[in-house]
Every structure is written in structure tokens, then in C-alpha cells.
Protein chains: 2
Amino acid sequence: MKKAYICLDIGGTKVLGAVFDENLKIVCTVKKKTKAEEGQEKIEERITGIVEELIIKSQMNRESLAAIGAGAPGIINEGTGEIIFTPNIPWRNYNIKKVIEGRFNVPFHIGNDVKMGVLGEWKYGAGKGKENIVGIFVGTGIGGGVIINNKLYAGAKHSGTEVGHMIINTEGPYCNCGQRGCLEAYASKIAITREIRSQMLRGRKTILKELMGEDTTIIKSKVLKRAIDEKDELALEVVDKAVYYLAAGAGSLINIFNPNMLILGGGVFEALGSYMLPALQEKIKRFSMPAVLEGTEIVQSKLGDDSILYGSLALIMEKWGK
Amino acid sequence: MKKAYICLDIGGTKVLGAVFDENLKIVCTVKKKTKAEEGQEKIEERITGIVEELIIKSQMNRESLAAIGAGAPGIINEGTGEIIFTPNIPWRNYNIKKVIEGRFNVPFHIGNDVKMGVLGEWKYGAGKGKENIVGIFVGTGIGGGVIINNKLYAGAKHSGTEVGHMIINTEGPYCNCGQRGCLEAYASKIAITREIRSQMLRGRKTILKELMGEDTTIIKSKVLKRAIDEKDELALEVVDKAVYYLAAGAGSLINIFNPNMLILGGGVFEALGSYMLPALQEKIKRFSMPAVLEGTEIVQSKLGDDSILYGSLALIMEKWGK
């Protein structure tokens, strides 16, 4: 490898790292649990550990490492690398750029994970050549990214496109962010898990009881997929409900942005896209103005689990003007 | 007058026309009811009649008329001048550009009215120098406009920024557009009038009964203002409710766009801004993420009733590359 780039997808539940070679192909990956509950320093150690592991696993010369890129949840200053606020990891006004650059002595760039995912899809994936894109990524939480006039939209204060926190119902359930009735409070894995647990406590029959066992953490997307494949009544009910509210949120976003393309991504869509996408394409008609909806292609992320990695790579390239 | 521009604000209830001189100052205006219920041809006659009246009233030489600009509700192809869909006037796939240019023999440009209003505020009003702006205009309906990176955002199919049709409550009241729970179904003059009429039928005491009389059309903003000034209980209740839902919609839009500025305009804010703006600035805290809200100035339209006129002027200038 003449040149190598390390890209990180730092999520609320897991960290995925990859080495890209000079042809921008993924050479190897490493995946670890984030264990966000262990606090800022432990997460930091875990991340630098993954970078070290990737350097060793890819057998690169340390000198060939050109840059490190990353996506992480929340409000991130892409210029300074400061994480201002992140909802599912205990980072507040935390400068991760300093830490990583100090440790590895190469440029480090970081952006909001879903923004990076949408940037990746636009540059290398489903959205190539599309001028205006809205991306909704459904995972532990729900994030969004918007491409406007072939450029990632940043917003005034490094935030913006927090589509998971648009209000779907003013008196709806409380969200982690402190608001009520956010899209995230209806259709994220946090919301889906809460609904399933609550229905199981009410004695609803479901194979999810066996599949999830005593594990009290967020449901795994592949577990949900298995239950859907087996036509489990509760799983279908909960996922259909999530799709309905996703359609409401996505429908509003189409009314607001009238984009060329709406891209659905994130862990939930990676696992359940073949079930959820057609359902969403149908239900969204209820919520979008027909003349507006007409111009919008609704597709699934093409880079799948790697979209944030590719987006971090796109960010590195953008910072280099490539 | 060496050079004159005629600009039109074509609304669901009234048409306002103005002559601008070569210094871009308003020389004279004409205002007529739209009478949308009388159909496409009558509205057309009314509009050409207003242009004629403006030419005569301003005493201009017909040769000095350089261009005509306009803003109208709905989805409008700014390039061809075709009105694709308008919710409160019976225009469908209707080419108004041909009609006006055929009649007056000068270039005619038309855009969505609220987009024009926001363009006007950005070029000549409250939003001068702001890179990213979200505008919400509350009148008969609710429309929106967005400036992104110092440019009016158009969307993929001449639509976009239909912020009045974002879903505030999935099971909310039906909206004119056929959806349920749109912002417009809660906080527009249509919604406010429906709520007042319904409460009056239930015997609620209110000075609005006397002020509105037997008139069954949409309430006038100045009538609403008078009732608020006199602290009429029903008027306060209905307007407070509208502000609450406006705060929900505006809060979501701030989470989505993280703009430098949110501009509130339209007839309702022109009349009631001194009451509604501070209330909205407070209530929006409930719905916006604090770190995102922080970077957003929330202000009232500066050009007031003339914002759409100035926006049409800005559109004329933009088409000329000025």
C-alpha cells in the first residue's frame, strides 16, 4: 500500500473502522462495541486502540497513513474537530481532533455521522450525480443529511439537518433530546425497543421474547429482521408503526425540500430495507403533496454499513480539495 | 420616470400591485380582492386590469415599463412561468407568463409568493447579508422560503419549502391539501377562522362576534388584532394555540436547517407580530434543540406587506443578472 486512509464510524452502540488503500478500496475493517456508558476517556482509548489495530491488521507502513477521517453522532464543528453535543455518547465540547492528531501525527477530520453517510452516498453511492438529496438514517437514533446544489449543507452553527428531531406529534412520547413527539421517539431502534419491551410486559405473544432474551439493551436489527421474516405479529405491528411515522417525517421533508432523491439508510434499513422501503414508498403518499412527491426518487443507501466510512473518506478528500 | 417595474402580490384573498421607479422605490399601489371563487378567467382579467390601472395611476410612459414580476401561491415553474398547482386559487398547469407577456409585451417573471417574500427580505429587508434563512409567512395559508448559501432554494421540481404542509400531528385536523395535521391546518387564517367560528357556535363570549358579523369569509388580520388588543379571551386562546403550533413547526425547521435567521412574515404577523413574536420566541424553546436554536436569530419581516412585491423585483433583477 502506497497510501492509506483510516476511516471511523463512531456510533452509539459500535465503532467501525476501515483502512482504505490508494484506490479508495477497503482493505480491512475492525468493529468494537462503543460502550458509551463507560465515559469519555474509555471511548477515547477504544477509538485509538481501533486505529492501532487497523494499522497492524492492514500491515501498512506507518508512513503510508495519509489521514484519518470519522463520523460521530451529534453537533460537530467540522473545522475545529470539536464535538459540541452528542445525544447518545457522553461527549460535550470535546476536541477529539487534538487527541487523534496528537497521537497519530496525521490530519484528522470529523463530521456528523449521518451527514457523512449522506456525503458518502452522494459521492460514491446511490446519490451520485443528484443535485438535491435528503438522507434519513435510522439506527439507535435517527439522523439526517442534506445535499443542496451538489454540496453538503452544514447549517449556521455546525448543526442542522437534525431530521430525527422534527416534531411528528406535539403531544407525542418524550424523546432523549427532551422534546416530545420527535421522529426519533417513534421510529428509531430506541423507540422500537421500548415499544416491544412494553408490549412483552403486557403479555403479547412474540418470538422476540426468545430472540431478545434477558438482554435489556437496544434490539439488534438482525433480530428484528428474523422476527419480520417469520411474520411475528408484534414485530410486524411495531415495524409498520415505525414505517408510518417515518413516512410522516419523510413526507414533511419532501414537502420542505422537494429533493431529487430521498435516501433511507442506517442499520434498520440495512437489515429491513426490503420490507420497509416498499411500505414507506406507499405510505408516504399520505403525507406528501402529490406534485412535490412526483419529482423525488425514494431509494435505499447503496453503501450500506460502509456509507459513513465512505463519507469520512469523502470529507478527507474534500478537505484536500479532491 | 425613466424606467418602471410593476410587481404583483397575487394572494388567495387579494391582489396587491405596485409600480417601482428606477431607484427601486414604490411610486404607487393598487389593491383588489382576488375573488378566487370566480374562476381562472375572471382572476386573469382582474390581474391585467390592475396592471393597466397601475400604468395609468403612475402616469408612466408605456415605453418606460421594463418588466413585470409577480408572486403567487403554490408550485410555480419560475423558468416557464407556468403555475403547476395552487391550493387556494383554481389554477392548474396554467401559463400566466404567456398571458401577461402577450398583453403587455414586456418580460414577465413569476415565482412562489412566499419564496418571493423571503427573497425580498434577503435582498432588501430583514435578512440582508444572512447566508442561511428560513422564512415562514402566515396568511390565508402558510408558506415558506429558504435561502441557502446566499441563494433562494428552488427544489427539484419548482416546488420545495412547502413548510405549511409539514406534519405537526399525524392524526391532526384535515388540511386543504388533503393531508392531516399540517402546520397550515393549525396556524393559518383558515385554521384560526374555523376555530373561532366553531367556538362562537358553542356560545363562547367574544367581541369577535360583533367584529366579524355575518361575514363568513376568512377573518381579517386587523380584526384579530383588535380583539387581541382588547384582551378578548377567545381571540387570545385561539392565537396562543396558533403560536404554539407555529413554534412546533418553526422549531422543527430550525432543527432541520439550523439557519442564521428565522423570519416570520405574512398578514397575520404584520398585524399581530408585536404580540406573537415574543410568544413564539419563548415557546420555540420547547421544540428546538438548545445548541441548534442558539445560532438562530428570530425576527419579523421588515418589508411587511411589501415583501412579496420586493421579492418579485429581486426576481426581475436576478433574471437580468443584477
Less than 4.5 Å apart, side chain to side chain, heavy atoms only: is that true for A:V292 and B:I75?
yes

Once rounded to the nearest 0.5 Å, what's the spacing between atom SG of A:C177 and atom CZ of B:F287?
11.5 Å

Verify the neighbour count for atom CZ of B:R286: are there more than 12 heavy atoms of other residues, nucleotides or ligands below 6.0 Å?
no

The interface call for A:F85 against chain B, heavy-atom contacts under 4.5 Å, is side chain

Separation between CD of B:E162 and CE of A:M289, rounded to the nearest 0.5 Å:
4.5 Å

Rounded to the nearest 0.5 Å, what separation is found between the CG atom of B:N132 and the CD1 atom of A:I148?
8.5 Å

When the 4.5 angstrom heavy-atom criterion is applied to B:T296 and chain A, the contacting part is neither

Minimum heavy-atom separation for B:T170 to A:N169, with atom names?
N-OD1, 2.8 Å

d(B:H165 NE2, A:S252 OG) to nearest 0.5 Å is 11.0 Å

Would you indicate whether A:K302, at its atom NZ, is surrounded by more than 12 heavy atoms from other residues, nucleotides or ligands within a distance under 6.0 Å?
no

What about B:F257 and A:F257, are their ring centers closer than 6.0 Å?
yes

Show your reasoning for whether side-chain contact (heavy atoms from CB on, under 4.5 Å) applies to A:I256 and B:M166.
CA-CA 7 Å; A:I256 294 166; B:M166 60 190 300; 4.0 Å; yes

side-chain contact (heavy atoms from CB on, under 4.5 Å) between B:N149 and A:N149: does it pass, once the steps are laid out?
CA-CA 10 Å; B:N149 301 329; A:N149 301 330; over 6 Å; no

In terms of heavy-atom pairs under 4.5 Å, which option from B:M261, B:E171, B:R180 contacts chain A the most?
B:E171

Residue among A:K130, A:Q179, A:K151 with most heavy-atom pairs under 4.5 Å to chain B
A:Q179

What distance do A:I167 atom CD1 and B:N255 atom CG have between them, rounded to the nearest 0.5 Å?
7.0 Å

Engaged part of B:L253 at the chain A interface, taking heavy atoms whose separation is under 4.5 Å:
side chain

